[in-house]
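Worksheet: one structure, shown below.
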Amino acid sequence: DAGVTQSPTHLIKTRGQHVTLRCSPISGHKSVSWYQQVLGQGPQFIFQYYEKEERGRGNFPDRFSARQFPNYSSELNVNALLLGDSALYLCASSLGQGASEAFFGQGTRLTVV
Amino acid sequence: QKEVEQNSGPLSVPEGAIASLNCTYSDRGSQSFFWYRQYSGKSPELIMFIYSNGDKEDGRFTAQLNKASQYVSLLIRDSQPSDSATYLCAASGYSSASKIIFGSGTRLSIRP
């Protein structure tokens, strides 16, 4: 069984650019959540999507947006990149809307220069 | 005040001993609690979850929850060098079940 897959694994962008990160959840899982993890900190919640609708949003600026597709895969978009957006972006998959037993993908390491 | 607090460590434990990791949380509405293990440069891996007061055992791992004290712990018995990692404590609430709040993690080092 495939786990949560994220692409790309690494990315280098320039300040002001736009980035799109992708996530495919575990087969049968309908909920996808996005987290940002800065070095030395725990993951910070950005968004949750369930059944293609936004069900939760963390304390992130409007430059961050996401969506979920009919096949339950998801994209995270970040506009007008800042140096401080450099982080590991994690996608978590869970069966239902509740946060129980969320499983993480390998993450996308974003570096903004 | 952070919503989930952990001692950052590092916590150094000899091989074969019991490692004890602790965590406190501030939101009394928290319902579910998780322990994730994260190796350097890797993503978090779920190792235990607990919802009810008391102990929950899974192999060498025991999670303990005390809702009255807002305290969660993880015991690792017979510690192995492969247990060396950062351990993240996390909580979620019924009212915001979509959101998991993580602590900053405790670095655990098992010395041979």
Side-chain angles (χ1 to χ4, degrees), chain A residues 3-7 9-10 21 23 25-26 29-51 53-60 66 68 74 87-111, chain B residues 2-10 21-27 29-52 56 58 63 65 72 74 85-108:
Chain A
V4 182
T5 57
Q6 292 186 243
S7 62
T9 54
H10 295 85
L21 310 181
C23 172
I26 293 169
H29 284 195
K30 298 181 178 180
S31 175
V32 170
S33 297
W34 288 94
Y35 290 80
Q36 179 195 67
Q37 187 176 24
V38 174
L39 195 63
Q41 299 295 318
Q44 298 293 312
F45 174 77
I46 309 175
F47 286 111
Q48 189 212 22
Y49 277 77
Y50 176 71
E51 289 286 13
E53 291 187 5
E54 181 183 304
R55 301 301 180 113
R57 173 185 284 255
N59 187 24
F60 280 81
Q68 186 177 35
S74 178
L88 179 67
Y89 287 85
L90 295 161
C91 172
S93 163
S94 55
L95 194 59
Q97 184 177 348
S100 302
E101 300 175 61
F103 300 92
F104 284 91
Q106 82 278 17
T108 295
R109 172 71 63 187
L110 173 64
T111 302
Chain B
K2 291 184 179 178
E3 294 182 65
V4 176
E5 294 211 46
Q6 299 180 251
N7 187 319
S8 63
L21 304 164
N22 305 313
C23 166
T24 58
Y25 61 95
S26 60
D27 183 0
S30 298
Q31 298 286 322
S32 306
F33 304 88
F34 311 90
W35 284 99
Y36 284 84
R37 177 175 62 199
Q38 187 172 29
Y39 293 113
S40 181
K42 302 296 185 182
S43 63
E45 172 192 9
L46 179 66
I47 54 173
M48 290 286 290
F49 59 91
I50 186 167
Y51 309 131
S52 303
K56 179 181 179 182
D58 183 1
L65 173 60
V72 190
L74 179 70
T86 294
Y87 287 79
L88 298 164
C89 175
S92 70
Y94 181 79
S95 62
S96 59
S98 60
K99 179 179 179 180
I100 301 178
I101 306 298
F102 284 85
S104 296
T106 298
R107 281 189 298 134
L108 174 65

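Lettering follows sequence order; numbering is per chain, from 1. Note that these values count all heavy atoms, side chains included, but never hydrogens, waters or copies made by symmetry.
B/Lys42 and A/Leu88 get closest at one heavy-atom pair: O-CD2, 4.2 Å. The two residues B/Pro44 and A/Pro43 have their closest heavy-atom pair at CG-CG, 4.3 Å. In this structure, A/Gln106 and B/Ser43 approach most closely via the heavy-atom pair CA-OG, 3.7 Å.
In this structure, chain A has no heavy atom under 4.5 Å from any part of B/Gln6. Of the atoms belonging to A/Gln37, it is side-chain heavy atoms, and not backbone ones, that fall under 4.5 Å from chain B.
The shortest side-chain heavy-atom distance between A/Ser33 and B/Ile100 does not fall under the 4.5 Å cut-off. At a threshold of 4.5 Å between non-hydrogen side-chain atoms, the residues B/Ile101 and A/Phe45 do not count as touching.
Rounded to the nearest 0.5 angstrom, B/Tyr36 OH and A/Phe104 CZ are separated by 5.0 Å.
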